[in-house]
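Residue numbering restarts at 1 for every chain, and letters A, B, ... go by the order of the sequence lines. The figures here come from the full heavy-atom set of this structure, side chains too, leaving out hydrogens, waters and symmetry mates. Not measured: the values here are computed from a predicted model.
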There are 2 protein chains.
Amino acid sequence: MTYRLPPLNGLRAFEAAARHRSFTGAADELCVTPGAVSQLVKALETALDTRLFHRSARAITLTPEGKKYLPAIRRAFEEIAAATEATAPGLPGRKLRLGITPDLDRAGSAVLRGLVGRKGTRDIVGQRVADDPGLLVQGGSLDALLRLSDEGCAGLHLDRMTVIAADRSRLDAVLVTRPGIAGCRQHKSLVMLLARAARESN
Amino acid sequence: MTYRLPPLNGLRAFEAAARHRSFTGAADELCVTPGAVSQLVKALETALDTRLFHRSARAITLTPEGKKYLPAIRRAFEEIAAATEATAPGLPGRKLRLGITPDLDRAGSAVLRGLVGRKGTRDIVGQRVADDPGLLVQGGSLDALLRLSDEGCAGLHLDRMTVIAADRSRLDAVLVTRPGIAGCRQHKSLVMLLARAARESN
DNA sequence: CTCGAGACATAGATTTCCTGATGCTCGCCG
DNA sequence: CGGCGAGCATCAGGAAATCTATGTCTCGAG
């Protein structure tokens, strides 16, 4: 059996852009520039001869065709991601080493305190570190870094998060992750943890 | 949600190679050289840090990890292919124009005669043409060409088929298809038709 | 033993892809 | 109403990935 498949990297850009409702957001996730995402999506649309997004100056929205197309693509990627994680785990048999910058540590978030604590969680062990994405290089001492700014993170995976400080104020933080790790079990566990904490403190 | 995905083109090469049990066969399908497939698979194995094939001089076989990995990948590609065909059909609303070379036409296969007949089938209309893959260029008069040789088909999708002649002898034919069309509904229908005819004449 | 098929390695060439700059459009706000 | 600012499109140039071509090796068939 032979498959008729569109450009797969374009498909990935499409899925990410749809999820973020933004080419810029997708670009952060994919560690490329917004222009690259724009080109990938356009190439996909050309290959399909079908428009997937409406573009306006401020936002993108899915066309009916895009809406129809997306769920299957999402399922397919979930399937691939799950199988990959099962066959070749991203962080086999160890915890994700999370760095937390002094700024954030000082804010005294309850969740973060739990992560830095004696044993961390099953999947994560936190530590206070300098605010330096350079610690994330291959072979470095960190797998991910939670900080306030997204500066100097070219080529790194970004997730924007809200962190609840001790005084119940909300901080806009950025979880910077080494590519190749982003999306593995431990990383998902971390993102979930932070998202739940933010959601529960309304 | 963020996905951890391996190199998608390598995944495609992996799936095709597993199906053909051969890098060369996969290369035909993907319209590249066997060396390219070899490199894509190796890059995938490196990214996963997991060996997917055992290589011997004459053949490749899946490792246990490869065996475990394959079904999910296959399901994912099926999902994508189906969604793509549903959202953006390869040959929207028309029949596949199949060329049949004089050699094969003369052999007088019953199935082929049916295809060339007045109306063809629901999906296919056949015609006798010269043995020239050049007819398959974009904008040309053919979508696929059934012939005996695979010469001069660089960059075109190949499927190897068996055709039953009028005298019940078996001919090794090659179905050459324009890339971008291979795998669409009409093409699948054609491949099925020929495969069934060959199977039924044992 | 020789031959052929097929996998691998490498180098060079080609193509793809990404970046960075620039321009545009739209909504917001003074 | 006119000046931002955010975000997407586009383009040219360059970086990076990918493909081809060639040669080598191994194995199995004859």
Side-chain N or O of [X] closer than 4.0 Å to phosphate OP1/OP2 of [N]:
X	N	value
B:Ser38	C:dC8	yes
B:Arg55	C:dG6	no
B:Lys42	C:dA7	no
A:Thr24	D:dC8	yes

Atom [atom1] of [X] and atom [atom2] of [N]: how far apart are they, to the nearest Å?
X	N	atom1	atom2	value
A:Phe23	D:dA6	CZ	P	19 Å
B:Arg12	D:dC19	CZ	P	11 Å
B:Leu62	C:dA7	CG	P	13 Å
B:Asp28	C:dG6	CG	C1'	13 Å
B:His20	C:dG6	NE2	C1'	15 Å
A:His54	D:dG7	NE2	P	20 Å

When you compare the side chains of [X] and [Y], does any donor N or O come within less than 3.5 Å of an acceptor on the partner?
X	Y	result
A:His187	A:Thr177	yes
B:His157	B:Glu29	no
A:Asp123	A:Ser189	yes

Exercise. Sub-3.5 Å donor-acceptor pair from the side chain of B:Asp143 to the main-chain atoms of B:Arg97, do we have one?
Worked result: yes
Exercise. Distance-only, no hydrogens or angles: does the B:Thr50 side chain make a donor-acceptor pair with backbone N or O of B:Leu48 under 3.5 Å?
Worked result: yes
Problem set entry | Parallel, tilted or perpendicular: ring planes of A:Phe77 versus B:Tyr3, cut at 30 and 60 degrees | tilted
Problem set entry | B/S/- contact track for nucleotides 15-30 of chain C, protein heavy atom under 4.0 Å | ---BB-----BBS---
For this session: Determine, stepwise, if the pair B:Glu85 / A:Arg4 fulfils salt bridge (charged side-chain N to carboxylate O under 4.0 Å, His left out).
Result: CA-CA 8 Å; B:Glu85 195 63 17; A:Arg4 180 169 91 88; 2.9 Å; yes
Exercise. At how many degrees, to 10°, do the end axes of the helix from C:dC1-D:dG30 to C:dG30-D:dC1 meet when each uses five pairs?
Worked result: 30°
Exercise. Does the side chain of A:Tyr69 come within less than 4.5 Å of A:Leu11's, by heavy atoms?
Worked result: yes
Problem set entry | Sequence neighbours excluded - side chain to side chain donor-acceptor pair (under 3.5 Å) pairs with any residue from residues 31-44 of chain B | none
